[in-house]
Amino acid sequence: MGDAPIKLDIENGVALVTLNRPEALNSFTADMHRALATALDNVEADKSVRALVITGAGRGFCAGQDLNERQRSPNDPPPDLGETLDKYYNPLVRRLYSFPLPTIAAVNGVAAGAGANFALSCDLLFAARSAKFIQAFSKIGLSPDAGGTWFLPRLIGRSKALGLALTAEPLMAEDAERIGLIWKVVDDDALMDIVMKIARQFAAGPTAGFRKIKENLAKGGANSLDAQLDLERDSQRELGLTHDYMEGTTAFLEKRKPVFKGE
Ligand code: T3D
């Protein structure tokens with residue numbers, strides 16, 4: 001039996017998910033999708049986990065759909081690609097975007113096609129300086145998926161989104177940071193140390209507050225200002241009753257570091 005397509009390591013409140021098909025730049029097979037869904041189930045079930053990191057094994061992050069799975073003979077009927085999106089990519093993107101914990105994509109190398117776009121559903125993207133992002137879809141006659149047509153114009157504007165999608169030109173990590181596609185670019189050999197340090201910081205942080213930050217920012221794009229102000233009021237009312245808010249304010253007044261419980 002070969003290596004598992006997904007590795008899951010849990011330590012110090014941080015779940016580290018590694019896409020583990022380095023020989024094919026961690027491109028998605030149906031097997032890998034299923035293993036990833038199971039890993040995320042395990043992460044959500046483990047109440048000791050308070051932050052999630054996703055990275056890739058080897059020199060790539062993820063090259064999108066494994067195109068070997070799309071090989072067919074001339075007489076075979078065309079595949080229904082909508083079915084794969086319904087079954088795997090769309091649930092993955094929805095799940096990560098609304099994941100109840102802070103999520104970090106540690107983009108260690110090339111991220112192409114759905115591999116570039118599913119990463120955008122994480123909360124923070126760190127990329128190694130040598131990493132690049134490629135909207136590879138147009139090279140094979142497709143249009144971006146895994147949320148690309150939603151995330152890209154919102155993050156970097158229509159002009160850059162169209163440029164990347166139509167040309168399929170690689171976008172280097174430094175440029176991705178400059179135009180606001182990702183949070184930070186870091187040196188290749190420092191990537192995992194930096195990411196794990198922040199993930200551990202999140203794992204010791206006010207998890208309920210983090211959840212509200214994610215939910216409210218997600219709603220902010222569609223809400224009116226009035227609706228958003230009401231939402232912020234309701235959130236503060238709820239968070240004001242948490243242990244972590246009491247602890248945060250008490251610690252500030254006592255001039256000490258807060259000890260958050262995540263509730
Ligand atoms: O189909 C559906 O269900 C619809 C959903 C679609 C979602 C999508 O993601 S569509 C887009 C699919 N992805 C691509 O088109 C990207 C294809 N890959 C590339 O263009 C290049 O590999 C990269 C630009 C990502 C990296 O180039 P490079 O030169 O650094 O590496 P390489 O030599 O091309 O790849 C290394 C190996 O990985 C190689 O295998 P080999 O020759 O050493 O045995 C290559 O075939 C394999 N590999 C890379 N990407 C894929 C792949 N194998 C299968 N599927 C891949 N997507």
Side-chain angles (χ1 to χ4, degrees), residues 2-7 17-37 40 54-74 76-97 105-122 125 127-153 155-156 161-176 181-182 185 188 191:
D3 286 345
I6 293 291
K7 284 199 323 184
V17 167
T18 307
L19 312 178
N20 192 32
R21 300 184 61 244
E23 68 289 354
L25 300 180
N26 305 314
S27 51
F28 276 107
T29 57
D31 247 14
M32 188 166 105
H33 272 295
R34 284 189 289 267
L36 179 54
L40 295 178
I54 301 182
T55 193
R59 73 174 175 90
F61 175 71
C62 177
Q65 172 61 39
D66 184 317
L67 296 177
N68 293 310
E69 286 197 342
R70 296 291 170 265
Q71 247 172 19
R72 59 192 186 94
S73 319
D76 289 345
D80 176 357
L81 301 186
E83 198 177 295
T84 346
L85 295 190
D86 260 346
K87 203 164 169 186
Y88 297 122
Y89 290 101
N90 291 355
L92 172 64
V93 169
R94 288 189 178 108
R95 184 170 195 180
L96 286 175
Y97 190 62
V107 181
N108 52 301
V110 65
N117 292 344
F118 96 94
L120 299 177
S121 57
C122 291
L125 275 84
R129 206 168 297 281
S130 68
K132 52 191 170 187
F133 296 82
I134 310 176
Q135 294 297 317
F137 305 90
S138 62
K139 289 215 164 168
I140 55 168
L142 295 181
S143 156
D145 59 21
T149 57
W150 193 86
F151 289 117
L152 290 171
L155 291 168
I156 59 176
L162 275 168
L164 292 176
L166 291 171
T167 66
E169 267 181 28
L171 178 73
M172 293 307 298
E174 281 177 357
D175 294 324
L181 185 72
I182 66 169
V185 58
D188 288 29
L191 176 71

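Note that the structure is predicted; figures quoted are calculated from it, not measured. Note that the numbering runs from 1 along the sequence shown for the chain. Atoms within a ligand are numbered from 1 in the order they appear, just like the ligands themselves.
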(request) Give the ring-plane orientation class for Phe28 versus Tyr89, where under 30° counts as parallel, over 60° as perpendicular and anything between as tilted. (result) perpendicular
(message) Please report whether the ring centroid of Tyr97 lies less than 6.0 Å from that of Phe151.
(response) yes
(message) Taking the six-membered ring for Trp, are Phe118 and Tyr88 closer than 6.0 Å centroid to centroid?
(response) no
(message) Restricting to salt bridge (Lys or Arg N to Asp or Glu O under 4.0 Å), what partner residues turn up for Asp86, sequence neighbours left out?
(response) none
(request) Please round to the nearest 0.5 Å and tell me the distance separating atom CG of Asn108 and atom OG1 of Thr55. (result) 4.0 Å
(request) Please name the residue in the list Ile54, Leu25, Leu19, Val107 that meets the side-chain contact (heavy atoms from CB on, under 4.5 Å) test with Cys62. (result) Leu19
Could you list each nitrogen or oxygen of ligand 1 that sits under 3.5 Å from a protein nitrogen or oxygen, with the atom names and the distance?
from     : atom 1 : to     : atom 2 : distance (Å)
ligand 1 : 1 (O)  : Arg70  : NE     : 2.7
ligand 1 : 1 (O)  : Arg70  : NH2    : 3.4
ligand 1 : 3 (O)  : Arg70  : NE     : 3.4
ligand 1 : 3 (O)  : Arg70  : NH2    : 2.7
ligand 1 : 3 (O)  : Thr84  : OG1    : 2.9
ligand 1 : 9 (O)  : Gln65  : N      : 2.9
ligand 1 : 9 (O)  : Ala114 : N      : 2.9
ligand 1 : 13 (N) : Ala63  : O      : 3.0
ligand 1 : 30 (O) : Arg59  : NH1    : 2.9
ligand 1 : 30 (O) : Arg59  : NH2    : 3.4
ligand 1 : 31 (O) : Arg59  : NH2    : 2.9
ligand 1 : 55 (N) : Leu67  : N      : 2.9
ligand 1 : 57 (N) : Ala63  : O      : 3.1
ligand 1 : 57 (N) : Gln65  : O      : 2.8

